[in-house]
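Take this structure, written in structure tokens, and hold onto it; I'll ask about it next.
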2 protein chains.
Amino acid sequence: MNIGDVSKRAGLPAKTIRYYEDIGLITPARDTNGYRSFCDSDVHKLTFLGRARTLGFTIENCRDLLALWDNQDRASADVRAIAQQHLAQIESKIADLQDIRHTLTHLVHECAGDDRPDCPILQRLEEL
Amino acid sequence: MNIGDVSKRAGLPAKTIRYYEDIGLITPARDTNGYRSFCDSDVHKLTFLGRARTLGFTIENCRDLLALWDNQDRASADVRAIAQQHLAQIESKIADLQDIRHTLTHLVHECAGDDRPDCPILQRLEEL
DNA sequence: CTTGACCCTCCAGTGACTGGAAGTCCTATC
DNA sequence: GATAGGACTTCCAGTCACTGGAGGGTCAAG
């Protein structure tokens with residue numbers, strides 16, 4: 001299977017797939033003409049990667065998850081640890097953004113938003 | 001005032017301050033020895049920038065906000081528009097992350113997290 | 001006169017791609 | 001057989017907002 005088909009099947013841009021090969025996440029075979037020749041397992045891995053990335057796992061997380069996925073002797077605790085740590089990061093990021101949202105909402109509400117120059121947003125950015 | 005003092009006062013790393021000069025956000029004077037010589041207005045601007053960046057405004061937003069801040073004839077509506085647009089982006093990012101959190105929480109709860117290989121997290125990343 | 005803290009510039013790297021140039025290969029049509 | 005187009009290849013550069021480090025100049029204290 002060529003990269004274009006795989007791209008459609010896995011839902012990843014061809015560029016991204018080449019990049020994943022570059023950094024060693026996949027190692028597709030090559031045809032005599034130099035074209036990458038993907039097998040089902042490659043497509044499977046790429047789909048897996050796409051899902052994991054959608055959930056915000058870093059590439060290094062993905063590398064670890066793929067290794068565990070490949071390893072039949074894995075302990076599910078190892079997978080869970082990665083997911084749990086990632087979850088904690090997501091939660092802290094949400095909290096940060098919620099703080100920011102709070103402040104911004106406040107500022108936007110306070111500002112008249114007309115053609116006069118007086119603006120509490122700018123004032124608060126000075127004083128905050 | 002030298003960059004070290006400004007760094008403390010504005011709460012920004014010296015590296016960042018040099019970078020902000022590089023990209024034209026500030027233009028501090030120079031002493032005869034080549035050292036940057038910051039005036040109060042520079043420090044004021046840098047503090048403003050620090051605040052805006054903390055709230056997640058992009059550098060280009062900051063550039064616009066600084067210009068409005070400098071411009072006594074500004075309309076507060078222009079400032080508000082920038083803040084409002086940014087707020088919308090923050091809110092959409094929060095929503096995305098909350099979706100991810102939802103899924104991840106689910107997965108983590110389902111996984112036994114013991115020394116057996118069976119792992120619903122990996123399964124779901126295949127199927128999802 | 002030396003030590004150590006501070007300052008300077010310039011280059012490279014981060015993460016995870018993405019865009020584009022320049023060239024090869026395959027397939028279909030005339 | 002020529003040609004047009006699309007798909008594929010590699011390689012280089014750019015994104016965003018810094019950050020780290022090398023290699024060197026400057027300054028104040030002892």
Side-chain angles (χ1 to χ4, degrees), chain A residues 1-38 42-43 45-46 48-66 82 85-86 89-90 93 96-97 100, chain B residues 1-39 42-43 45-46 48-66 85-86 89-90 93 96-97 100:
Chain A
M1 211 184 319
N2 282 349
I3 201 166
D5 301 314
V6 178
S7 168
K8 274 170 218 146
R9 285 220 213 170
L12 292 171
K15 278 264 179 193
T16 301
I17 296 172
R18 291 196 196 97
Y19 172 69
Y20 286 172
E21 184 188 10
D22 258 16
I23 62 174
L25 288 179
I26 50 165
T27 46
R30 294 284 178 146
D31 280 342
T32 46
N33 60 11
Y35 285 20
R36 289 169 184 80
S37 173
F38 296 85
D42 291 325
V43 179
K45 269 191 193 178
L46 285 168
F48 181 94
L49 285 169
R51 306 264 145 87
R53 291 285 305 126
T54 301
L55 289 180
F57 285 100
T58 65
I59 290 286
E60 286 318 302
N61 279 156
C62 289
R63 201 186 294 280
D64 295 343
L65 287 172
L66 259 190
I82 295 175
Q85 197 197 353
H86 180 47
Q89 283 167 4
I90 298 282
K93 204 174 277 177
D96 289 350
L97 287 177
I100 291 175
Chain B
M1 211 181 324
N2 282 350
I3 202 168
D5 301 315
V6 177
S7 170
K8 274 171 218 147
R9 284 218 214 174
L12 292 170
K15 277 265 180 191
T16 302
I17 296 172
R18 290 195 196 97
Y19 172 69
Y20 286 172
E21 183 186 10
D22 258 16
I23 63 172
L25 288 179
I26 50 164
T27 47
R30 294 285 177 145
D31 280 342
T32 45
N33 59 10
Y35 285 21
R36 287 169 186 80
S37 173
F38 296 85
C39 64
D42 291 325
V43 179
K45 269 190 192 177
L46 285 168
F48 180 94
L49 286 169
R51 307 264 143 88
R53 291 287 302 127
T54 300
L55 289 179
F57 285 101
T58 66
I59 289 287
E60 286 319 301
N61 279 156
C62 288
R63 201 187 292 282
D64 295 343
L65 287 172
L66 259 190
Q85 196 197 355
H86 180 46
Q89 283 167 3
I90 298 283
K93 204 173 277 178
D96 289 350
L97 287 176
I100 291 174

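Just so we're on the same page: letters track the sequence lines, and every chain starts at 1. Note that the coordinates shown come from a computational prediction; the quantities given were computed from them, not determined experimentally.
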Can a side chain N or O of R36(B) be found less than 4.0 Å away from OP1 or OP2 on dT9(C)?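 Yes, such a contact exists.
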Reading DNA chain C from 5' onward, which residue's closest nucleotide shows up sooner: N2(B) or T58(A)? N2(B)
In whole angstrom, give the distance that lies between atom NE2 of H86(A) and atom P of dG15(C).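 Atom-to-atom, H86(A) to dG15(C), this comes out as 16 Å.
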R30(B) vs dT9(C): side-chain N/O to OP1/OP2 distance below 4.0 Å: yes
By the definition side chain to side chain contact (heavy atoms under 4.5 Å, CB included), identify the one residue from Y19(A), F48(A), Y20(A) that meets it with L25(A). Y20(A)
Take the C1' atoms of the five end pairs on each side of the helix from dC1(C)-dG30(D) to dC30(C)-dG1(D), get both axes, and report the angle to 10 degrees. 30°
Under 3.5 Å, is there a donor-acceptor pair between the side chain of S37(A) and the main chain of R30(A)? no
I'd like to check V6(A) versus L46(A) (side-chain heavy atoms, cut-off strictly below 4.5 Å). Are they in contact? yes
Of all the heavy-atom pairs spanning R53(B) and T58(B), show the shortest one and how long it is.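 Smallest heavy-atom distance, with atoms named: NH1-CA, 3.9 Å.
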Between P on dT18(C) and CG on L12(A), what's the gap in Å once rounded to a whole number? 9 Å
Does I90(B) form a side chain to side chain contact (heavy atoms under 4.5 Å, CB included) with L55(B)? I'd like the steps, not just the answer. CA-CA 10 Å; I90(B) 298 283; L55(B) 289 179; over 6 Å; no
Going by the rule side-chain hydrogen bond (donor to acceptor under 3.5 Å, both in side chains), which residues pair with R36(B) if we only count those two or more places apart in sequence or in a different chain?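 Only E21(B) meet the side-chain hydrogen bond (donor to acceptor under 3.5 Å, both in side chains) criterion with R36(B).
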I need the minimum non-hydrogen distance between A14(A) and S7(A), along with the two atoms involved.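 It is N-OG, 3.7 Å.
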Interatomic distance, CG@L49(A) vs OG1@T16(A), rounded to 0.5 Å, equals 11.0 Å
Distance, rounded to the nearest Å, where I23(A) contributes CD1 and dG13(C) contributes C1':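 So the CD1-C1' distance, I23(A) to dG13(C), works out to 16 Å.
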Interatomic distance where CD1 belongs to I17(A) and P belongs to dC17(C) [whole Å]: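 In whole Å, dC17(C) P lies 11 Å from I17(A) CD1.
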Using a heavy-atom cut-off of 4.0 Å across all strands, would you classify R18(A) as base, sugar-phosphate, or nothing? base
Whole-Å distance separating the CD atom of E21(B) from the P atom of dC10(C):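 To the nearest whole Å, that distance equals 12 Å.
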Starting at atom CG of D31(B), determine the distance to atom P of dC8(C), rounded to an integer number of angstrom.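 My rounded result for the distance is 9 Å.
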What are the two closest non-hydrogen atoms of G56(B) and H86(B), and how far apart are they?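 Taking every non-hydrogen atom into account, O-CE1, 2.9 Å.
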Only counting residues at least two apart or in another chain, list the ones meeting side-chain contact (heavy atoms from CB on, under 4.5 Å) with N2(B). D5(B), D31(B), Y35(B)
If you apply the rule side chain to side chain contact (heavy atoms under 4.5 Å, CB included), what do you find for I26(B) with L66(B), and how did you get there? CA-CA 10 Å; I26(B) 50 164; L66(B) 259 190; 5.5 Å; no
Using a heavy-atom cut-off of under 4.0 Å over every strand shown, decide if F57(A) touches base, sugar-phosphate, or nothing.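 The residue F57(A) makes no contact with any strand.
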Between dC17(C), dT9(C), dC7(C), spot the one nearest the side chain of I3(B), thanks. dC7(C)
The salt bridge (charged side-chain N to carboxylate O under 4.0 Å, His left out) partners of R63(B) (sequence neighbours excluded) come to E60(B)
Between the protein and nucleotides 21-28 of chain C, which nitrogen or oxygen pairs come in under 3.5 angstrom?
| residue | atom | partner | partner atom | Å |
| --- | --- | --- | --- | --- |
| dC26(C) | OP1 | N33(A) | ND2 | 3.2 |

Please list, in 5' to 3' order, the outermost nucleotides of DNA chain D lying under 4.0 Å from any heavy atom of chain B. dA17(D) to dC27(D)
